[in-house]
Amino acid sequence: MSTGHQTLKLGVLGSGSGSNMQAILDAIGNGTLDAEIVLVLSDNPEAYILKRAEMAGIATEVIDCDGYVTRFPDDSQVAVGQMLRDAGVDLVCLAGFMRIVKAPLLEMFPERLLNIHPSLLPAYPGLRAWGQAVSDGANESGCTVHYVDAGMDTGPIILQSSVPVLAGDSAETLHARIQLEEHQLYPAAIRKVWAKLQSES
Ligand code: GRF
């Protein structure tokens, strides 16, 4: 782990489509983020995030969670942390990763684990945050990039962006607009965190 002048190395963990991982890749491609994604990990062998990574020539691994459907066992977290360390990862980005990260991995990457959540935290933590906003009759939602701590969507906020809830929005239409915003926010948050780490080194 280093904060020298070499290119920032990112590891990404995701369970689904990987559109945020793609947005990070696109930001790297268009020169707005000076970084490299060196490893993409998923607990779901069928996840499209793995296909996207393979198409981009990025190393991938499937996380073995010992048959647990939702738990992220300690041994699996240590194995993931070791793979990320072996790949020289500086920052770990959770992007649609559906398991709760706890002490083993947090302790291996202190203040270097980020997550993106589809609401203006602390509003609507947890699953289907966009659906929670619509059912609640909120007139605003958005997205948040935050540091990961041991809680669910509770870590210190890095950047947020608001998205209006429009008359007639369904959970799905709101989520689609939030995702467009997420794709701008995540690269910006990574730039902010990396600049802070470098200024401290
Ligand atoms: C995003 O909406 C993110 O906020 C949430 O899960 C979704 C992941 O989408 N944590 P994708 O896999 O990046 O397309």
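Keep in mind that the numbers below use all heavy atoms, side chains included, and drop hydrogens, waters and symmetry copies. Read the numbers this way: they start at 1 and go in the same order the structure lists the ligands and their atoms. All of these numbers come straight from a predicted model, not from anything done at the bench. One is the number of the first residue; the rest follow in order along the sequence.
Under a 4.0 Å criterion applied to the non-hydrogen atoms of Gln179, ligand 1 contributes the atoms 1 (C), 2 (O), 7 (C), 8 (C), 9 (O), 11 (P), 14 (O). Within the listing of ligand 1, atoms 1 (C), 2 (O), 3 (C), 4 (O) sit less than 4.0 angstrom from a heavy atom of Glu182.
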Please step through salt bridge (Lys or Arg N to Asp or Glu O under 4.0 Å) for the pair Glu200 and Lys196, ending with a clear verdict. CA-CA 6 Å; Glu200 290 165 359; Lys196 177 171 178 286; 3.1 Å; yes
Please determine whether side chain to side chain contact (heavy atoms under 4.5 Å, CB included) holds for the pair Glu182 and Ile178, giving the CA-CA distance in whole Å, both sets of side-chain angles, and the decisive distance to 0.1 Å. CA-CA 6 Å; Glu182 288 182 338; Ile178 290 174; 4.1 Å; yes
Apply side chain to side chain contact (heavy atoms under 4.5 Å, CB included) to the pair Trp194 and Leu33, showing each step before the final yes or no. CA-CA 10 Å; Trp194 189 236; Leu33 178 63; over 6 Å; no
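Protein heavy atom at the shortest distance from atom 8 (C) of ligand 1 is Gly96 CA, 3.5 Å. If you check which protein heavy atom lies closest to atom 10 (N) of ligand 1, you get Ile116 O, 3.0 Å. The nearest protein atom to atom 12 (O) of ligand 1, hydrogens excluded, is given as Gly18 N, 2.8 Å; this is a heavy-atom distance. Protein heavy atom closest to atom 11 (P) of ligand 1, with residue, atom name and distance, is Ser19 N, 3.4 Å.
Here Met21 has no heavy atoms under 4.0 Å from ligand 1, in either its backbone or its side chain.
Contact between Gln22 and ligand 1 is absent, with no heavy atom of the residue lying under 4.0 Å from the ligand.
Every N/O-N/O distance between Gly16 and ligand 1 stays at or above 3.5 Å. Note: no N/O pair closer than 3.5 Å links Asn115 and ligand 1 by distance alone. At least one N or O atom of Asn20 sits closer than 3.5 Å to an N or O atom of ligand 1.
The CG atom of Leu113 lies 10.5 Å from the CE atom of Met108; values are rounded to the nearest 0.5 Å.
Remark: the Asn44 side chain and the Ser42 side chain contain no N/O donor-acceptor pair separated by less than 3.5 Å. In the model, Ser17 has a side-chain atom that pairs as donor or acceptor with a side-chain atom of Arg52 under 3.5 Å. Under the 3.5 Å distance criterion, with hydrogens and angles disregarded, a donor-acceptor pair is assigned to the side chains of Glu181 and Ser161.
When each of Ile190, Asp34, Leu197 is paired with Leu8, the side-chain contact (heavy atoms from CB on, under 4.5 Å) condition holds for Ile190 and for no other.
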